[in-house]
Amino acid sequence: MKLGVVSAILDKSTFEEVIDFVAENDMECVELACWPKGKAERRYSGVCHIDVEELNDEKVNYIKEYTKLRNVEISSLAYYPNTLDEDLEKRQVYINHLLKLIEASSKLGINMVTTFIGRVPTKTVEENLETVKEVWTPIIKHAEKFNVKIGIENCPMLFTNDEWPGGQNLMTSPANWRKVFSLLDSPNLGINYDPSHFIWQQIDYIKPLYEFKDKIFHVHYKDIKVYKDKLDDVGIMATPLQYMSPKLPGLGDVNWGKYVSALTDIGYTGYTCIEVEDKAFEKSYEDAKKAIKLSVKYLRNFVHC
C-alpha cells in the first residue's frame with residue numbers, strides 16, 4: 001500500500017509545493033483536489049491544485065515530469081460536490097466539471113477520480129435511486145470510455161441543518177452500496193473507503209471490506225471521536241457534529257491495526273490517503289502541516305510501501 005494525503009488541507013500551497021511536501025515527508029502519493037476555481041461553498045472545498053479547465057498537453061507533460069522526478073504518484077483527482085443537487089442548474093455545473101475531471105485523469109495517466117454520488121436530501125433512498133440512474137448512467141459511460149475508475153466516498157455529508165434529513169451522498173452504507181452497484185453495474189464504479197463515517201453511523205467498519213473487496217478503489221485515513229456524554233444528551237436524531245468530531249488517525253475511535261490488517265487480508269495494495277479535518281489543528285497553516293506529519297508518523301506503524 002502507498003501512503004499519502006488528501007491535498008484539500010494544503011489549500012495555501014501550489015501544486016509544486018504540495019508535491020514537494022509529500023516527497024519530503026515520507027509519503028508516496030497524493031489525492032489532488034481539483035475543484036473549479038472560485039469561492040468555496042463549505043470547509044475543505046474549493047481547493048484547486050490542478051486546473052482541468054486549462055489542462056493542455058504541455059501542462060500534462062509538466063505535471064507528469066514534476067511528480068516523476070520527486071517519486072510521487074497522484075492517486076486520484078478529487079472533487080466532492082452533490083451531483084444530485086435539487087437546483088438543476090447547479091447540478092449540471094457539477095456534472096460538467098466531473099466529466100472534465102474524468103478526461104483529465106485519463107490524460108494524466110492517473111485513471112482515478114474520487115467524488116460523491118450525491119443525494120437529494122429531502123427524498124427517500126428509493127426516490128434517489130431513480131435520480132442516480134438518470135444522472136450517473138452517462139457519467140459512468142464517460143468513465144468507461146476514458147478507462148477511468150470512480151471511487152465514491154462513503155461520507156453521508158450530513159453534518160449541519162442545511163443537509164438535513166438525508167444528507168448529500170447516497171452511498172453511505174453497505175445496503176446502499178449494493179443498491180447502487182446493482183443499478184450501475186460497471187467495473188469502473190467503486191468505493192473510496194473511509195472507516196470514520198461508519199463509526200458515528202454505528203456500522204461495522206471492518207466487515208464491509210471483505211464483502212466489497214473488489215470494489216475498493218481508494219482508501220482514506222480519517223478518524224472520528226464520538227462523545228458519549230454529548231450523544232446521551234442530544235441522541236442519534238441530532239446533526240452529527242453535535243456529538244462527534246473528526247480527528248487525526250489514532251486520536252479517535254477507529255482501531256487502525258484491525259483496519260489495516262483487514263486491508264492486507266483482502267490483498268489491497270492501492271493508494272491510502274490521510275484526510276485531515278481535525279479542528280484542533282486549524283489554528284495556523286503550520287498546524288495543518290504538523291497534523292499531516294503526525295498522521296504519517298502514526299500510520300507508518302501499520303502501512304509500508
Side-chain angles (χ1 to χ4, degrees), residues 1-8 10 13-37 47-81 83 94-116 136 138-153 184 186-193 214-221 263 267-275 303-305:
M1 287 181 279
K2 294 180 175 68
L3 180 61
V5 67
V6 181
S7 76
L10 297 169
S13 297
T14 64
F15 161 77
E16 290 84 357
E17 289 168 342
V18 168
I19 300 302
D20 290 349
F21 180 83
V22 170
E24 292 162 4
N25 287 279
D26 193 29
M27 289 178 280
E28 296 88 33
C29 63
V30 58
E31 178 184 347
L32 280 181
C34 295
W35 290 73
K37 286 193 172 180
V47 182
C48 183
H49 285 127
I50 293 180
D51 185 356
V52 298
E53 298 283 348
E54 300 179 355
L55 192 65
N56 54 32
D57 290 343
E58 183 182 350
K59 290 183 178 179
V60 165
N61 291 332
Y62 173 78
I63 290 167
K64 286 182 176 180
E65 283 300 313
Y66 200 92
T67 53
K68 184 179 180 181
L69 285 171
R70 285 148 186 83
N71 201 27
V72 171
E73 296 181 35
I74 300 172
S75 66
S76 170
L77 300 185
Y79 176 50
Y80 294 93
T83 54
Y94 300 152
I95 292 170
N96 290 344
H97 190 71
L98 182 59
L99 294 175
K100 289 176 183 176
L101 240 69
I102 290 168
E103 295 174 25
S105 187
S106 178
K107 286 179 183 178
L108 288 162
I110 300 164
N111 300 108
M112 182 84 72
V113 167
T114 38
T115 188
F116 295 141
W136 273 86
I139 295 174
I140 295 300
K141 286 182 179 178
H142 197 68
E144 290 173 344
K145 176 183 175 182
F146 285 92
N147 192 31
V148 170
K149 290 186 174 182
I150 300 178
I152 304 294
E153 189 183 348
L184 302 171
S186 169
N188 292 65
L189 182 65
I191 301 162
N192 183 15
Y193 201 110
D214 295 329
K215 284 292 190 179
I216 299 171
F217 291 171
H218 198 276
V219 167
H220 274 179
Y221 293 136
L263 286 173
Y268 183 79
T269 56
Y271 299 108
T272 64
C273 290
I274 298 157
E275 186 178 24
V303 185
H304 302 279
C305 182

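If you take CZ on Phe146 and CG on Leu101, they are separated by 12.5 Å, rounding to the nearest 0.5 Å. With rounding to the nearest 0.5 angstrom, the CD1 atom of Ile102 is 10.5 Å from the CG atom of Leu77. With rounding to the nearest 0.5 Å, the separation of CD in Glu73 from OG1 in Thr67 is 8.5 Å. Distance check, rounded to the nearest 0.5 Å: NZ of Lys215 to CG of Leu189 gives 5.5 Å. Within the model, atoms CD1 of Ile74 and SG of Cys34 stand 8.0 Å from one another, a figure rounded to the nearest 0.5 Å.
Within the 3.5 Å criterion, the main-chain N or O of Lys2 finds a donor-acceptor partner in the side chain of Thr272. Between the Ser105 side chain and the Asn111 main chain, a donor and an acceptor come within less than 3.5 Å of each other. Under a 3.5 Å cut-off, the side chain of Ser75 and the backbone N or O of Tyr271 do not form any donor-acceptor pair. Side chain of His49 to main chain of Ser13: a donor-acceptor pair is present (N/O by atom type, distance under 3.5 Å, no hydrogens or angles). Without hydrogens or angle criteria, Thr14 side chain to Glu17 main chain gives a donor-acceptor distance under 3.5 Å. Side chain of Thr115 to backbone of Tyr79: a donor-acceptor contact under 3.5 angstrom is found. Under the 3.5 Å distance criterion, the side-chain polar atoms of Thr114 are left unmatched by any main-chain donor or acceptor of Ser76. In this structure, the side chain of Thr83 does not engage the main chain of Ile95 through any donor-acceptor pair within 3.5 Å.
With sequence neighbours left out, the salt bridge (Lys or Arg N to Asp or Glu O under 4.0 Å) criterion links Glu153 to no other residue. By the side chain to side chain contact (heavy atoms under 4.5 Å, CB included) test, Tyr62 is found to be paired with Phe15, Glu16, Tyr66, residues two or more places apart in sequence or in another chain being considered. Scanning for side chain to side chain donor-acceptor pair (under 3.5 Å) contacts around Glu54 gives Lys59, with sequence neighbours left out. Every residue two or more places apart in sequence or in another chain that forms a ring-ring contact (aromatic ring centres under 6.0 Å, His included) with His218 is listed here: His220. Listed by chain and residue number, nothing satisfies the ring-ring contact (aromatic ring centres under 6.0 Å, His included) test with Phe21 (two or more places apart in sequence, or in another chain). For Phe217, the side chain to side chain contact (heavy atoms under 4.5 Å, CB included) test picks out Met112, Lys149, with sequence neighbours left out. Every side chain to side chain donor-acceptor pair (under 3.5 Å) that His142 has, sequence neighbours left out, goes to Glu103. By the salt bridge (Lys or Arg N to Asp or Glu O under 4.0 Å) test, Lys100 pairs with Glu53, sequence neighbours left out. For the side chain to side chain donor-acceptor pair (under 3.5 Å) test, residues two or more places apart in sequence or in another chain that qualify with Asn96 are Gln92. Scanning for side chain to side chain contact (heavy atoms under 4.5 Å, CB included) contacts around Lys107 gives Val60, with sequence neighbours left out. The side chain to side chain donor-acceptor pair (under 3.5 Å) test applied to Ser186 returns Glu144, not counting sequence neighbours.
Annotation: side chain of Trp136 is in contact with side chain of Ile150 (closest heavy-atom distance under 4.5 Å). Residues Leu108 and Ile50 form a side-chain contact, since some pair of their non-hydrogen atoms from C-beta on lies under 4.5 Å apart. Using a 4.5 Å cut-off on side-chain heavy atoms (C-beta onward), Asn192 and Tyr80 make contact. A 4.5 Å side-chain heavy-atom check between Met27 and Val72 finds every atom pair outside the cut-off. Within the 4.5 Å cutoff, the side chain of Leu263 has no heavy atoms near those of the Tyr193 side chain. A heavy-atom distance below 4.5 Å is not found between the side chains of Glu28 and Asn71. Considering only heavy atoms from C-beta on, Ile110 stays 4.5 Å or farther from Leu32 through its side chain.
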Note to self: Go through it in stages, so that I can follow the logic: the residues are Ile274 and Leu3, the test is side-chain contact (heavy atoms from CB on, under 4.5 Å), and I'd like the CA-CA distance, side-chain angles, deciding distance and then a yes or no.
What the structure shows: CA-CA 8 Å; Ile274 298 157; Leu3 180 61; 4.2 Å; yes
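Contact between Arg70 and Ala23 at its shortest, heavy atoms only, is O-CB, 3.7 Å. Between Cys29 and Val22, the closest heavy-atom pair is O-CG1, 3.6 Å. Here the shortest heavy-atom pairing between Tyr94 and Pro81 reads CG-CB, 3.7 Å.
By the neighbour-count criterion of 12 heavy atoms within 6.0 Å, atom CG of Asp57 is sparsely surrounded, having that number or fewer from other residues, nucleotides or ligands.
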